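Side chains included, hydrogens not; waters and symmetry mates left out as well; all remaining heavy atoms used. In this text, all values refer to a predicted model and were calculated from it rather than measured experimentally. Each residue takes its place number in the sequence, starting with 1.
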Amino acid sequence: MPGSAAQLARCPYHDAATDFDPFEMRDPFPFYEWARAEAPVFFSDELKYFVVARHADIKAVFDDWRTFSSENAQAPLRPMCEEGRRIMREGGFTAYSGLSARVPPDHTRIRKLVQGCFGPRRFRAIEPEIKAIVNRAIDTFAERGHADFFRELAYDVPALVLFKLVGIPNIDVPRVKSWAVSRALLTWGDLSDDEQIVHARNMVEYWNYCRALVRQRHDDPTDDLPGDLVRLQKDGAEISDEEIAGVLYSALFAGHETTTTLMANGMRELLQRRENWEALIAEPQLIPNAVEECLRFSPSIVAWRRRALKDTEIGGVPVPKDANILLLIGSANRDETVFSAPARFDVRRTDARSHLAFGYGIHTCVGQQLARIEFAIALGELTRRLPGLRLAAEQTDDFVHNISFRVPTALRIEWDVA
């Protein structure tokens with residue numbers, strides 16, 4: 001490792017294989033910076049994964065689905081215990097994936113249909129409703145002078161927006177949000193057997209709920225995502241009820257959890273660096289670029305998985321067939337070869353959109369425009385109605401223990417009430 005003895009003594013990292021803590025989400029960025037320079041591709045002893053830190057290498061892996069399969073993207077990090085498997089088997093749990101773990105030709109066939117139903121036209125049409133949902137959330141705490149932004153706005157708003165598009169009644173929001181947490185912990189967390197059992201039961205309920213939505217749309221057609229997909233199926237499109245349920249199983253998780261996290265992490269960065277918040281108040285036209293900078297600097301997903309389908313190499317490092325790979329998106333988004341002064345958060349930067357927060361290639365996030373629209377509307381209303389927002393002095397700064405999603409547990413904010 002290059003560097004003087006003094007530099008090495010100051011650096012907390014010396015061996016990527018053992019120093020990497022894949023579950024550390026409070027501040028993984030110092031390790032990412034070190035890894036880009038000293039160990040851009042390494043093997044994690046704890047995960048038994050090859051870990052990739054540089055933007056160019058990660059982008060190349062995302063772009064080569066024939067060599068690097070997404071089949072493990074939704075696989076549980078820790079295999080399900082026997083009792084959990086029994087619960088899911090007897091409960092009829094057969095969910096696979098909507099899109100992210102599929103490969104062509106199935107991925108191409110299903111994605112084309114979903115994009116036609118769940119795209120910019122429908123997102124633009126719902127913008128007034130998004131603004132109304134955001135303002136109803138602000139109304140609940142505006143006169144109080146303080147709030148937990150994560151729980152009182154970021155947690156529910158994306159779910160209420162998505163569920164309107166999918167046709168989920170508001171009364172079901174708490175249940176679906178709870179199932180989404182279970183799915184995240186089972187797939188990307190490090191749970192004990194006892195912890196897995198509770199979430200396995202939730203997954204059975206979640207999957208049966210998705211299948212019931214499809215059956216309901218056959219009986220009672222509706223103008224929403226499952227209704228549109230069932231209608232296309234009846235018109236001859238090649239998509240099964242199980243595949244439609246799989247799309248819902250993915251959308252009802254990814255379509256709001258990541259936006260919730262984007263809003264909370266983005267607000268933290270904006271309020272910690274007050275000049276950026278003040279810039280949005282003075283120049284609202286900066287808001288779309290501020291969204292991109294939040295996606296770059298503090299993405300919801302900091303790591304994603306792939307599996308090698310053949311002997312290959314990444315960044316000159318040999319990677320054998322069937323090896324699991326962890327792509328550090330959070331590191332790619334601060335790569336010095338792509339972004340100027342990457343450790344600086346700046347809503348005026350001109351290179352923010354080069355981030356990989358939504359992935360890259362055929363599996364890039366199908367709902368990315370909706371996430372952008374929601375956060376932009378939320379920032380517009382918050383800067384207009386509560387320009388004096390600031391972080392409360394006491395913050396927990398705790399994040400959910402997992403390998404992929406940088407999810408805070410709270411974000412306390414306050415402001416002066418006239």
Side-chain angles (χ1 to χ4, degrees), residues 25 74 76 88 91 93 95 97-98 100 118 126 129-130 132-134 136-141 147-189 191 195-213 216 224-226 245-267 300-301 365-367 370-371 373-375 377-378 396 398-402 404-412:
M25 290 290 160
Q74 304 289 334
M88 297 177 82
F93 183 87
S97 172
S100 64
F118 196 68
I126 202 177
E129 183 65 20
I130 296 173
I133 290 170
V134 168
R136 283 197 293 271
I138 297 173
D139 288 344
T140 64
F141 55 72
D148 179 348
F149 179 83
F150 178 75
R151 289 291 170 188
E152 298 185 66
L153 191 145
Y155 191 76
D156 281 345
V157 165
L160 291 168
V161 172
L162 179 77
F163 295 172
K164 183 173 181 62
L165 290 166
V166 178
I168 306 297
N170 287 354
I171 195 172
D172 287 346
V173 169
R175 276 203 300 167
V176 179
K177 291 290 282 190
S178 173
W179 293 333
V181 171
S182 288
R183 184 178 174 193
L185 291 174
L186 272 179
T187 307
W188 297 281
L191 304 179
E195 289 170 329
Q196 284 186 336
I197 290 168
V198 174
H199 297 300
R201 292 193 178 98
N202 281 345
M203 286 300 91
V204 169
E205 292 182 12
Y206 182 22
W207 178 236
N208 288 333
Y209 184 86
C210 292
R211 296 173 83 177
L213 285 175
Q216 291 165 10
D224 50 35
L225 177 60
V247 169
L248 300 179
Y249 175 76
S250 293
L252 288 174
F253 168 74
H256 61 92
E257 285 297 314
T258 50
T259 308
T260 287
T261 307
L262 166 63
M263 287 183 173
N265 289 341
M267 279 296 292
S300 302
I301 298 174
C365 176
V366 72
L370 180 60
I373 290 168
E374 288 180 61
F375 192 26
I377 288 174
T396 60
D398 289 333
F399 289 79
V400 176
H401 193 69
N402 75 108
S404 289
F405 294 85
R406 192 162 177 262
V407 185
T409 58
L411 183 66
R412 296 185 178 88

Would you find a donor on one side and an acceptor on the other, under 3.5 Å apart, between the side chain of T259 and the backbone of A371?
no

Counterpart residues, side-chain contact (heavy atoms from CB on, under 4.5 Å), relative to A147 (two or more places apart)
F141, R144, E152, I413, W415

Under the salt bridge (Lys or Arg N to Asp or Glu O under 4.0 Å) test, residues paired with R151 that sit two or more places apart:
none

What distance separates I197 CD1 from L191 CG, expressed to the nearest 0.5 Å?
11.0 Å

Contact summary for T261 and P408, nearest pair of heavy atoms
CG2-CD, 4.0 Å

Can you tell if the side chain of M25 reaches within under 4.5 Å of the side chain of H401, non-hydrogen atoms only?
no

Does the pair L185 and F405 meet the rule for a side-chain contact (heavy atoms from CB on, under 4.5 Å), with working shown?
CA-CA 10 Å; L185 291 174; F405 294 85; over 6 Å; no

To check you understand the geometry: which heavy-atom pair defines the closest contact between T409 and F150, and what is its length?
O-CD2, 3.8 Å

Anything under 30° is parallel, anything over 60° is perpendicular, the rest tilted; go ahead and classify W207 against Y249.
perpendicular

To the closest 0.5 Å, what do you measure between CG (N265) and OG1 (T258)?
11.5 Å

If you compare all heavy atoms of S182 against all heavy atoms of N202, which two are closest, and at what distance to 0.1 Å?
OG-ND2, 2.8 Å

If we only count heavy atoms from C-beta on, is the K164 to L160 side-chain gap below 4.5 Å?
no

From I130 atom CD1 to F375 atom CZ, the distance as rounded to the nearest 0.5 Å
14.0 Å

Evaluate the criterion side-chain contact (heavy atoms from CB on, under 4.5 Å) for residue pair V176 and F163; output intermediate values, then yes/no.
CA-CA 9 Å; V176 179; F163 295 172; 3.3 Å; yes

Of L248, I168, L165, the one forming a side chain to side chain contact (heavy atoms under 4.5 Å, CB included) with L225 is L248

I need the minimum non-hydrogen distance between P169 and Y209, along with the two atoms involved.
CD-OH, 4.1 Å

Correct closest heavy-atom pair for Q74 and T187 would be O-CG2, 3.3 Å

Is there side-chain contact between L186 and P76, with at least one heavy-atom pair below 4.5 Å?
no

Side chain of K177, backbone of Y155: donor and acceptor closer than 3.5 Å?
yes

What distance separates M203 CE from Q196 CD, expressed to the nearest 0.5 Å?
12.5 Å

In terms of ring plane angle, is the pair Y206 and W179 parallel, tilted or perpendicular, where the classes change at 30° and 60°?
parallel

Output for pair (H256 NE2, L370 CG), nearest 0.5 Å, gives 11.5 Å

Close side-chain approach of T396 and R412, heavy atoms under 4.5 Å:
yes

Which value, rounded to the nearest 0.5 Å, describes the distance between I133 atom CD1 and N170 atom CG?
7.5 Å

Verify side-chain contact (heavy atoms from CB on, under 4.5 Å) between V407 and V181, making sure each step is shown before the conclusion.
CA-CA 10 Å; V407 185; V181 171; over 6 Å; no

Whether the side chain of N402 engages the backbone of A184 through a donor-acceptor N/O pair (distance < 3.5 Å, no angle test) should be reported.
no

How far apart are the closest heavy atoms of L252 and C210, and which atoms are they?
CD1-SG, 4.1 Å

